[in-house]
Amino acid sequence: MQEDIKKKILEIYNIVSNKNIDISKTSKNALLISDLGMNSISFVYWILKIEEEFNIEIESLAYSELKTLEDLINLIISKLD
């Protein structure tokens with residue numbers, strides 16, 4: 001399940017950021033802002049698209065707690081349960 005979620009959120013990232021990162025080479029430990037090269041506006045837009053895709057709601061207060069790709073994956077899993 002984690003790999004499926006990772007793949008989907010990175011596909012969304014590639015669309016939102018107009019980048020083409022290699023999903024298979026991106027670590028779950030990647031830092032969302034510095035490693036993926038996002039700014040705060042693109043980060044929020046990405047989260048909104050993730051919410052739409054998974055039909056979940058991520059509270060804006062949780063944004064600051066999301067540091068790594070794994071943090072985001074775990075949050076999505078918790079919302080899906």
Side-chain angles (χ1 to χ4, degrees):
M1 180 179 207
Q2 281 194 347
E3 281 303 311
D4 293 336
I5 292 172
K6 175 187 166 193
K7 180 180 178 202
K8 181 49 85 177
I9 62 177
L10 289 175
E11 287 171 354
I12 295 168
Y13 170 82
N14 281 339
I15 293 167
V16 168
S17 67
N18 286 325
K19 295 182 181 178
N20 193 18
I21 61 168
D22 187 339
I23 293 169
S24 65
K25 293 182 181 178
T26 304
S27 166
K28 289 190 296 187
N29 296 320
L31 297 173
L32 297 176
I33 301 297
S34 60
D35 290 343
L36 295 181
M38 302 190 89
N39 62 38
S40 58
I41 294 170
S42 59
F43 176 75
V44 171
Y45 185 59
W46 184 42
I47 295 296
L48 292 173
K49 292 298 184 184
I50 289 169
E51 288 177 327
E52 287 177 19
E53 176 68 30
F54 291 97
N55 197 28
I56 60 172
E57 184 176 332
I58 299 173
E59 298 77 21
S60 57
L61 293 175
Y63 292 5
S64 62
E65 297 172 9
L66 299 172
K67 304 294 184 208
T68 67
L69 196 53
E70 186 170 34
D71 293 339
L72 181 55
I73 292 167
N74 289 336
L75 179 62
I76 293 168
I77 290 170
S78 74
K79 297 286 185 179
L80 293 174
D81 286 339

Asker: Give the table of side-chain donor-acceptor pairs shorter than 3.5 Å for residues 41-52, with sequence neighbours excluded, one pair per line with atom names and distance.
Answerer:
residue : atom : partner : partner atom : Å
Ser42   : OG   : Asn39   : N            : 3.0
Ser42   : OG   : Asn39   : O            : 3.1
Ser42   : OG   : Asn39   : OD1          : 3.1
Trp46   : NE1  : Ile9    : O            : 3.0
Glu51   : OE2  : Ile58   : N            : 2.6

Asker: In residues 68-81, what donor-acceptor pairs under 3.5 Å come from side-chain atoms, sequence neighbours left out?
Answerer:
residue : atom : partner : partner atom : Å
Thr68   : OG1  : Glu70   : N            : 3.4
Thr68   : OG1  : Asp71   : N            : 3.1
Thr68   : OG1  : Asp71   : OD1          : 3.4
Thr68   : OG1  : Asp71   : OD2          : 3.4
Asp71   : OD2  : Lys67   : N            : 3.0
Asp71   : OD2  : Thr68   : N            : 3.1
Asn74   : OD1  : Gln2    : NE2          : 3.2
Asn74   : ND2  : Glu70   : O            : 3.3
Ser78   : OG   : Leu75   : O            : 2.7
Lys79   : NZ   : Glu57   : O            : 3.3
Lys79   : NZ   : Glu59   : OE1          : 3.0
Lys79   : NZ   : Glu59   : OE2          : 3.0

Asker: Taking a hydrophobic cluster as the set of Ile, Leu, Val, Met, Phe, Trp and Tyr residues connected by side-chain heavy atoms closer than 4.5 Å, whether directly or through intermediates, do Met38 and Ile15 fall within one such cluster?
Answerer: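 Shared cluster, no.
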Asker: Between CD1 of Ile5 and NZ of Lys28, what distance do you get to the nearest 0.5 Å?
Answerer: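 One finds 10.5 Å between CD1 of Ile5 and NZ of Lys28.
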Asker: Partners of Asp22 by side chain to side chain donor-acceptor pair (under 3.5 Å), sequence neighbours excluded?
Answerer: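 Checked Asp22 against side chain to side chain donor-acceptor pair (under 3.5 Å); matches are Ser24.
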Asker: Linking I/L/V/M/F/W/Y whenever their side-chain heavy atoms sit closer than 4.5 Å, directly or via other members, would Ile21 and Leu31 fall into one cluster?
Answerer: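 Result: no, two separate clusters.
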Asker: Which residues pass the side chain to side chain donor-acceptor pair (under 3.5 Å) test with Lys8, not counting sequence neighbours?
Answerer: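 Expected list: Glu11.
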Asker: Write out all pairs satisfying salt bridge (Lys or Arg N to Asp or Glu O under 4.0 Å) with one or both partners inside residues 33-44, taking only residues at least two apart or from two chains.
Answerer: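 Of all non-adjacent pairs touching residues 33-44, none passes salt bridge (Lys or Arg N to Asp or Glu O under 4.0 Å).
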Asker: NZ/Lys7 to CD1/Ile12 distance, rounded to the nearest 0.5 angstrom?
Answerer: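 Output value for this atom pair is 12.0 Å.
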